[in-house]
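Reviewing the structure listed below.
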Amino acid sequence: MSAAISKIQPLTEDHERYEDVFYNAFYKVAQKDVVDEKVIQYFDATLLKRLTDVFGFGEELSLLGVGVGEGPLEFHFLKSLQSHYSSICNVAVDPNEGMLQTFKGKVATLNFDDKSSCHWFTGPLSQFVAESPLAGNKYNLISSIHSLYHTGDFETTFTQLATMMKEKGLMIIVCKNDINLISKTFHKLPWLTESTQSNERLSSKNVREFAQSQGYDVITVVIPHHWDITEVFDDQSDFGNKLLDFFTMAAYFRQTAPAELVDDLMSFWRSISTEDENGRIVAPAQDEILLISK
Ligand SMILES: C[S@@+](CC[C@H](N)C(=O)[O-])C[C@H]1O[C@@H](n2cnc3c(N)ncnc32)[C@H](O)[C@@H]1O
């Protein structure tokens, strides 16, 4: 089995497949726009006030986005902060150049004036920390929206991000919780973490507990939802195979994993899912927003 699983390729290293899988399959099932909308509402109702109460209009407001992808949330943060701050410094980090370019294109429409600046770092967070002078800056707001699974050892990452937080700054982390299909899958198949370079076992509970152990306050908001994973069980479905890739973080999982492993996984997913009144198979999924401050 170990020789067979060595064929498994990390999805995050196949940028084209990642983008395709994320936007054309996972995004739809996860109703990511609905989840993003909840985070946006939280930002508008709570986080923005927390920032503006502490940091005045005359200050430069700096944001560091980690694993921004196409930046759906960071774009909203920038857009609303633009009307509260005369000067903004935005730093976005992501190894996927195509997704980062899309974010860059959206930010260009905000027409920031000369007092503001945007910096785009194409590479993993570890490289940003090791090589970029911008990693020496302190940020008012740090965001990591579903990206901590990919940045290596979580405690190291958290410590690095916390070092880059300004005094009274905030960190917003969005992360799945323990009941999620993906966390359950990575707990069942622990070797997936190494072969896909993604620590999908990480849950909001791990993040919260570690942040609190380091003396940070953590506010938690649960976003409950479910995923319709019916197509995953149809091996002829291109959509289902893309979902399978996202849930395992492996590129072309159905073609590269041993058949008995795929069968086992299908049985496991059925066992933790339920069937709704329309015969659709629905898996558990929940996200949490964590607002972290000192
Ligand atoms: C699930 S996506 C989330 C994207 C975006 N934040 C969103 O909510 O739409 C995870 C993102 O993490 C990025 N990523 C993967 N490895 C990374 C690393 N080592 N450092 C930073 N980001 C990484 C991926 O390229 C991808 O854009």
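Just so you know, ligand 1 is whichever comes first in the structure, and atom 1 is the first atom listed for that ligand. Side chains are part of it too, since the values below use all heavy atoms of this structure and drop only hydrogens, waters and symmetry mates.
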**Fill in**
Separation between CG (L110) and CG (L78), nearest 0.5 Å, reads 6.5 Å

**Request:** Would you please name every residue forming a side-chain contact (heavy atoms from CB on, under 4.5 Å) with A25, sequence neighbours left out?
**Result:** F239, K242, L243

**Prompt:** Near ligand 1, which protein residues have a heavy atom under 4.0 Å away?
**Reply:** Y18, F22, K32, G67, V68, G69, P72, D94, P95, N96, M99, P124, L125, I145, H146, S147, H150, T151

**Charged N-O contact under 4.0 Å between E288 and K205** = no

**Request:** List for me each residue that meets ring pair (Phe, Tyr, Trp, His ring centres under 6.0 Å) alongside Y18, sequence neighbours excluded, and say none if there are none.
**Result:** F22

**Rounded distance (nearest 0.5 Å) linking atom CD of E59 with atom OG of S87** = 10.5 Å

**Results of side-chain contact (heavy atoms from CB on, under 4.5 Å) for D153 - residues two or more places apart only** = E155, T156

